[in-house]
Amino acid sequence: MGILSSLLNDLNYGTVFLLMLLESTVLPVPSEFVIPPAAYHAAAGNLDIFLVIVFGVLGAACGATINYIAGYYLGRPVIYKFANSRIGHLCLLNQGKIERSERYFNKHGMVATITGRLIPGIRHLISIPAGMSKMKYWKFILYTMIGAGIWNCILAALGWYLHSIVPEEQLDDKIALYMESIKSVIFVLVGAGCLFLIIRWLIKRRKRITGEK
């Protein structure tokens, strides 16, 4: 934790990349305390906001790839065993969380690798069922980078905005406060999007059945 705190206190493009890589694996590194502070410093002229987002997305893609490879080659029994192990619990993992990410992936298909990147508790685990399902890697990494790009842009916009209204010593508290509202909005938008896709699929299915008759 001392190393993690040091990295969080010394945000630059390299540490943003590394922390977002870790956040996309199974380690409990919250991205909301990486990208917004980095964007806050960018607003102060110490970093470039575009590069903060780019390195954040690249880190997320590399971390997600690690989970994808684990899911692809290790399979469900080994993944569950690790999640239920002492090390897994130290990483805040358990079998229930893995199963929840699997259900989300199975329900929403490949698009889950985009929307899943926006949902807390699913975001860093959605790559595992993608690997277990043998999803094509180029599709996986494309959708992952789209989802990570959207998420990082949201976080960067928050950090940039907070620079104009709060001093740095209050930044963490304000990020936590605003993130609750952002998460609620994202849940609603993702839910609405999924509902739209389901309704569209049902309409197409009905038309196809009617046409066949």
Side-chain angles (χ1 to χ4, degrees), residues 1-67 92 111-127 140-194:
M1 292 302 293
I3 296 176
L4 180 59
S5 297
S6 298
L7 292 173
L8 288 170
N9 290 328
D10 183 28
L11 289 173
N12 53 56
Y13 305 126
T15 54
V16 166
F17 172 86
L18 178 59
L19 288 167
M20 292 303 291
L21 182 153
L22 296 176
E23 190 264 351
S24 290
T25 57
V26 295
L27 298 178
V29 181
S31 55
E32 52 265 38
F33 292 108
V34 178
I35 299 298
Y40 186 97
H41 291 306
N46 299 323
L47 295 171
D48 183 283
I49 187 68
F50 175 74
L51 290 179
V52 167
I53 295 172
V54 167
F55 278 94
V57 171
L58 291 176
C62 290
T65 296
I66 293 173
N67 277 4
L92 304 183
V111 74
T113 54
I114 296 178
T115 59
R117 298 294 310 182
L118 307 176
I119 301 176
I122 295 292
R123 181 169 59 249
H124 65 301
L125 298 177
I126 196 64
S127 307
F140 162 78
I141 202 64
L142 174 62
Y143 293 163
T144 294
M145 293 185 74
I146 291 172
I150 294 171
W151 179 242
N152 285 348
C153 283
I154 293 171
L155 295 180
L158 173 61
W160 188 277
Y161 167 70
L162 289 177
H163 179 264
S164 64
I165 63 171
V166 299
E168 187 171 357
E169 58 269 19
Q170 298 178 14
L171 183 59
D172 287 350
D173 291 336
K174 288 296 183 181
I175 289 174
L177 179 64
Y178 277 83
M179 283 307 301
E180 292 303 315
S181 298
I182 290 174
K183 289 174 183 177
S184 297
V185 171
I186 287 174
F187 273 120
V188 171
L189 292 177
V190 170
C194 292

Report the distance from atom CG of L18 to atom CG of L11, rounding to the nearest 0.5 Å.
11.0 Å

Report yes if the side chains of E168 and H163 come closer than 4.5 Å at any heavy-atom pair, otherwise no.
no

So which heavy atom on G63 is nearest to which on T25, and how close?
O-CG2, 3.6 Å

Spacing of I126 atom CD1 and F140 atom CZ [to the nearest 0.5 Å]:
9.5 Å

Value rounded to 0.5 Å, distance of CD1 in I165 from OH in Y161:
3.5 Å

Do W160 and P36 come within less than 4.5 Å of each other through their side chains, counting heavy atoms only?
no

Before giving the answer on side-chain contact (heavy atoms from CB on, under 4.5 Å), spell out for M20 and V34 the whole-Å C-alpha distance, their side-chain angles and the decisive distance to 0.1 Å.
CA-CA 8 Å; M20 292 303 291; V34 178; 4.1 Å; yes

I need the minimum non-hydrogen distance between A156 and I49, along with the two atoms involved.
CB-CD1, 3.8 Å

Got more than 12 heavy atoms from elsewhere within 6.0 Å of OH, Y13?
yes

For N12 and L47, the nearest pair of non-hydrogen atoms, with its separation, is CA-CD2, 4.2 Å

Value for NZ (K174) from OH (Y40), rounded to nearest 0.5 Å, stands at 11.5 Å

Do L155 and E32 come close enough that some side-chain heavy atom pair is under 4.5 Å?
yes

Should N67 and S24 count as side-chain neighbours, where that means a heavy-atom distance under 4.5 Å?
no

So CG of L118 and CD1 of I154: to nearest 0.5 Å the spacing works out to 6.0 Å

Do L58 and M145 have side chains that get closer than 4.5 Å, going by heavy atoms?
yes

Where do A39 and V52 come nearest, in terms of heavy atoms and distance?
N-CG1, 4.4 Å

Check step by step if side-chain contact (heavy atoms from CB on, under 4.5 Å) holds for I53 and C153.
CA-CA 7 Å; I53 295 172; C153 283; 4.0 Å; yes

To the nearest 0.5 Å, how far apart are CG in N152 and CZ in R117?
8.0 Å

Which heavy-atom pair separates C62 from F17 by the least distance, and what is that distance?
SG-CZ, 3.8 Å

Is the backbone of A61 close enough, under 3.5 Å, to the side chain of T144 for a donor and an acceptor to pair up by distance?
no

